[in-house]
Amino acid sequence: EPEVTQTPSHQVTQMGQEVILRCVPISNHLYFYWYRQILGQKVEFLVSFYNNEISEKSEIFDDQFSVERPDGSNFTLKIRSTKLEDSAMYFCASSGVGGHTDTQYFGPGTRLTVL
Amino acid sequence: AQSVTQLDSQVPVFEEAPVELRCNYSSSVSVYLFWYVQYPNQGLQLLLKYLSGSTLVKGINGFEAEFNKSQTSFHLRKPSVHISDTAEYFCAVSENSGNTPLVFGKGTRLSVIA
């Protein structure tokens with residue numbers, strides 16, 4: 001069964017450094033998302049992406065964040081200058097077109113630790 | 001805007017006992033409803049979903065949920081739990097216009113006791 005994959009599984013970085021989190025969505029999906037989950041809190045939407053542009057973003061997704069689909073398979077989240085409060089689990093998700101357009105499938109997550 | 005309330009943050013239950021995890025939502029538009037499960041140190045796995053049609057939906061691992069529009073609820077049930085059901089369960093809602101962001105509840109930690 002196809003699945004969403006994410007790398008790395010765990011990333012440790014120093015405050016102020018740039019990080020790139022990578023995701024490979026399910027191959028025939030067209031909608032891509034990033035969510036985050038701060039330890040002990042609810043999963044929060046960051047951004048959605050379709051047709052090579054951001055379709056929706058939350059207030060969390062400020063200028064330090066960016067997303068990109070650099071090729072036909074990868075979907076990345078870049079945090080330009082990390083802060084302590086960016087420490088969280090980041091989940092990538094994708095959804096398709098057709099009968100399953102409304103179901104988002106999630107990857108295993110990348111745990112980001114900012115020191 | 002939508003919101004989701006999961007009233008119980010933790011639910012301990014003995015093995016083979018039934019369980020119900022409660023979820024209420026609020027929305028000014030029609031919605032789709034989902035339950036996801038997160039096992040320790042893993043990602044979110046879709047358990048079941050309500051998009052339209054029958055209000056009783058069945059999912060994986062013997063779970064089912066019932067959509068009640070008048071009570072704006074989507075409670076998750078299982079008649080007999082196993083140790084392996086120990087996990088965090090998240091209820092989520094999205095607008096029914098397709099491919100819209102999910103809004104999650106805070107989650108319910110189900111602990112199954114032997």
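Just so we're on the same page: letters track the sequence lines, and every chain starts at 1.
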Student: Is there a path of hydrophobic side-chain contacts, each under 4.5 Å between heavy atoms of I, L, V, M, F, W or Y residues, that connects B:L51 with B:V29?
Tutor: no

Student: Say you draw a straight line from CZ of B:F34 to OG1 of A:T103; how long is it, rounded to the nearest 0.5 Å?
Tutor: 5.0 Å

Student: Applying side chain to side chain contact (heavy atoms under 4.5 Å, CB included) to B:Q6 and A:K42, what does each step give before you reach the verdict?
Tutor: CA-CA 11 Å; B:Q6 292 183 247; A:K42 65 169 72 175; over 6 Å; no

Student: State, to 0.1 Å, how close B:L44 and A:F106 come at their nearest heavy-atom pair, and which atoms those are.
Tutor: O-CB, 3.5 Å

Student: Could you look at A:Q37 and say if it's the side chain, the backbone, both or neither that has a heavy atom under 4.5 Å from chain B?
Tutor: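 Only the side chain of A:Q37 comes within 4.5 Å of chain B.
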
Student: Please check if atom CG in A:D63 has more than 12 non-hydrogen atoms from other residues, nucleotides or ligands closer than 6.0 Å.
Tutor: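 No, the 6.0 Å shell around CG holds no more than 12 heavy atoms from other groups.
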
Student: Do other residues, nucleotides or ligands put more than 12 heavy atoms under 6.0 Å from the CD atom of B:E16?
Tutor: no

Student: Could you check A:F91 against B:Q38 for side chain to side chain contact (heavy atoms under 4.5 Å, CB included), going step by step and ending with a plain yes or no?
Tutor: CA-CA 12 Å; A:F91 292 107; B:Q38 185 179 32; 3.5 Å; yes

Student: Provide the closest heavy-atom pair for B:P101 versus A:E56 in the form atom of the first, atom of the second, distance.
Tutor: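 Looking at all heavy atoms of both residues, the closest pair is CD-OE1, 3.3 Å.
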
Student: For B:R77, does the CZ atom have more than 12 heavy-atom neighbours from other residues, nucleotides or ligands under 6.0 Å away?
Tutor: yes

Student: Is there a path from B:V13 to B:L47 through hydrophobic residues (I, L, V, M, F, W, Y) whose side chains come within less than 4.5 Å of each other?
Tutor: yes

Student: Do side-chain atoms of A:Y35 reach the backbone of B:L102 as a donor and acceptor pair under 3.5 angstrom?
Tutor: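 Side chain of A:Y35 to backbone of B:L102, a donor-acceptor pair under 3.5 Å: yes, one is there.
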
Student: Is A:I60 reachable from A:I54 through a run of I, L, V, M, F, W or Y residues, each pair having side-chain heavy atoms under 4.5 Å apart?
Tutor: yes

Student: Is there a donor-acceptor pair closer than 3.5 Å between any side-chain N or O of A:Q104 and the backbone N or O of B:T100?
Tutor: yes

